[in-house]
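Everything on this sheet refers to the single structure shown next.
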Amino acid sequence: DAGVIQSPRHEVTEMGQEVTLRCKPISGHNSLFWYRQTMMRGLELLIYFNNNVPIDDSGMPEDRFSAKMPNASFSTLKIQPSEPRDSAVYFCASSLYRVGAQPQHFGDGTRLSIL
Amino acid sequence: QQPVQSPQAVILREGEDAVINCSSSKALYSVHWYRQKHGEAPVFLMILLKGGEQKGHEKISASFNEKKQQSSLYLTASQLSYSGTYFCGTEIGETSGSRLTFGEGTQLTVNP
C-alpha cells in the first residue's frame with residue numbers, strides 16, 4: 001500500500017516567493033496533520049484536519065501560512081510570502097480518526113530552504 | 001504542554017539496554033512512540049493508552065504509568081539499527097482525536 005506522499009521533496013526559493021507544499025494521505029485515512037521540524041523548535045504541529053475540516057490551527061505561525069484540504073485525498077500548505085525563518089522540514093501525516101488512539105503515518109517530508 | 005523526555009542523548013554498545021522516559025504535567029489519554037533516523041521521516045513504534053498497559057515490539061517495549069503521567073520506552077539487547085532519535089508524542093484529555101504534542105527527542109547511538 002502506498003504511504004503518505006508529499007511533494008516536492010526539496011524546495012529552494014527566494015524570500016518573498018509563494019511556496020506550496022502538497023500531501024496525499026493514505027487512502028481511507030480521514031485525519032491529516034501538517035508538522036514542521038527544525039533544530040530549534042523540534043517537531044511542532046501546525047494544523048490538523050478531521051474529515052477534511054480544519055480542527056486545530058493554533059500552531060500555524062502567522063497569516064502567511066494557510067492550509068486547505070479540498071477533498072479526502074489532497075491537502076496543501078501554502079506560505080506567502082516566504083521568509084528565511086520558514087526554512088525547515090515540513091511533514092504531512094495521516095491517520096484513521098476513530099475511537100481509540102491511532103498511529104500517525106508520516107510522509108518523507110519536504111525540505112524547504114528560503115534564501 | 002510539551003512532554004519532557006530524558007535523557008537527551010544516550011550512547012550504547014551493541015547488546016546493551018536503554019530506557020527512555022517521557023513525562024507530562026497534564027493527564028494523558030495516550031502516549032505514542034516514534035523513531036526517526038537522520039534525514040528520514042518519523043516511524044511509528046507503538047501507542048499506549050491510559051490504564052497502565054505495557055506493550056512490546058520485538059526487543060522494544062514500553063509502559064505507561066497513569067499515576068505519574070509517565071511513559072518509558074525499553075530497548076533491550078540493542079542493535080545497530082536502533083540508532084536514531086526517539087520521540088514521544090502525547091495526547092491529553094479523556095478521549096482520542098486531539099492533537100499530539102511531541103517531546104524534544106532522545107538521540108540514541110548504538111556502536112559496535
Side-chain angles (χ1 to χ4, degrees), chain A residues 1-7 9-10 21 23-26 29-51 53-60 67 88-111, chain B residues 1-6 8-9 22 24 26-53 55 57 60 62 64 66 71 73 84-107:
Chain A
D1 288 343
V4 176
I5 299 173
Q6 290 188 245
S7 64
R9 291 292 309 277
H10 302 272
L21 311 181
C23 175
K24 177 178 169 57
I26 292 173
H29 281 189
N30 52 3
S31 286
L32 184 138
F33 308 81
W34 281 103
Y35 291 92
R36 178 172 67 177
Q37 187 174 38
T38 60
M39 289 295 292
M40 290 294 294
R41 300 176 68 90
L43 189 60
E44 53 180 343
L45 179 68
L46 300 178
I47 185 171
Y48 79 95
F49 298 82
N50 283 343
N51 296 313
V53 177
I55 302 301
D56 184 349
D57 65 354
S58 59
M60 296 286 264
V89 180
Y90 290 81
F91 288 105
C92 175
S94 71
S95 72
L96 189 58
Y97 173 56
R98 61 181 182 193
V99 174
Q102 301 298 321
Q104 295 184 16
H105 300 271
F106 284 74
D108 289 335
T110 294
R111 282 152 184 77
Chain B
Q1 199 86 15
Q2 186 178 36
V4 177
Q5 285 188 236
S6 63
Q8 288 187 321
C22 174
S24 173
K26 302 278 189 182
L28 298 176
Y29 177 77
S30 68
V31 180
H32 301 222
W33 285 98
Y34 291 78
R35 177 172 60 209
Q36 184 178 29
K37 294 184 180 286
H38 183 69
E40 299 181 6
V43 174
F44 170 75
L45 294 175
M46 64 189 77
I47 292 175
L48 297 102
L49 300 179
K50 68 176 183 177
E53 67 177 275
K55 278 195 172 182
H57 176 70
I60 300 175
F64 180 20
E66 195 175 344
S71 178
L73 186 71
T85 302
Y86 289 77
F87 292 96
C88 69
T90 54
E91 192 174 23
I92 63 173
E94 292 295 317
T95 61
S96 184
S98 62
R99 58 187 296 146
L100 270 187
T101 303
F102 285 92
E104 291 186 344
T106 295
Q107 189 168 351

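Letters A, B, ... are given to chains in the order of the sequence lines, protein chains preceding strands, and every chain is numbered from 1.
- Atom CG in A:Leu45 sits 8.0 Å away from atom CG in B:Leu100 (nearest 0.5 Å).
- Here the side chain of A:Arg111 pairs a donor or acceptor atom with the backbone of B:Gly39 at under 3.5 angstrom.
- A side-chain donor-acceptor contact under 3.5 Å links A:Gln37 and B:Gln36.
- For the atom pair CZ (A:Arg41) and CD (B:Glu104), the distance works out to 11.5 Å, reported to the nearest 0.5 Å.
- In the displayed structure, B:Lys37 atom NZ is contacted under 6.0 Å by more than 12 heavy atoms of other residues, nucleotides or ligands.
- Residues A:Ser58 and B:Arg99 come closest through the heavy atom pair OG-NH1, 2.8 Å.
- Atom CG of A:Leu43 is separated from atom OG1 of B:Thr85 by 11.0 Å, given to the nearest 0.5 angstrom.
- One finds the NE2 atom of B:His32 at 8.5 Å from the OG atom of A:Ser95 (value rounded to the nearest 0.5 Å).
- Atoms OG1 and CD, from B:Thr101 and A:Glu44 in turn, are 11.0 Å apart once rounded to the nearest 0.5 Å.
- Aromatic ring pairs are classed by plane angle as parallel below 30°, tilted from 30° to 60° and perpendicular above 60°; the pair A:His105 and B:Phe44 is tilted.
- Across every non-hydrogen atom of A:Gly107 and B:Ala41, the tightest pair is O-CB, 3.0 Å.
- The main-chain N or O of A:Gln104 is found under 3.5 Å from a side-chain atom of B:Tyr34 such that the two form a donor-acceptor pair.
- If you measure heavy-atom distances from B:Glu40 to chain A, the contacts under 4.5 Å come from the backbone alone.
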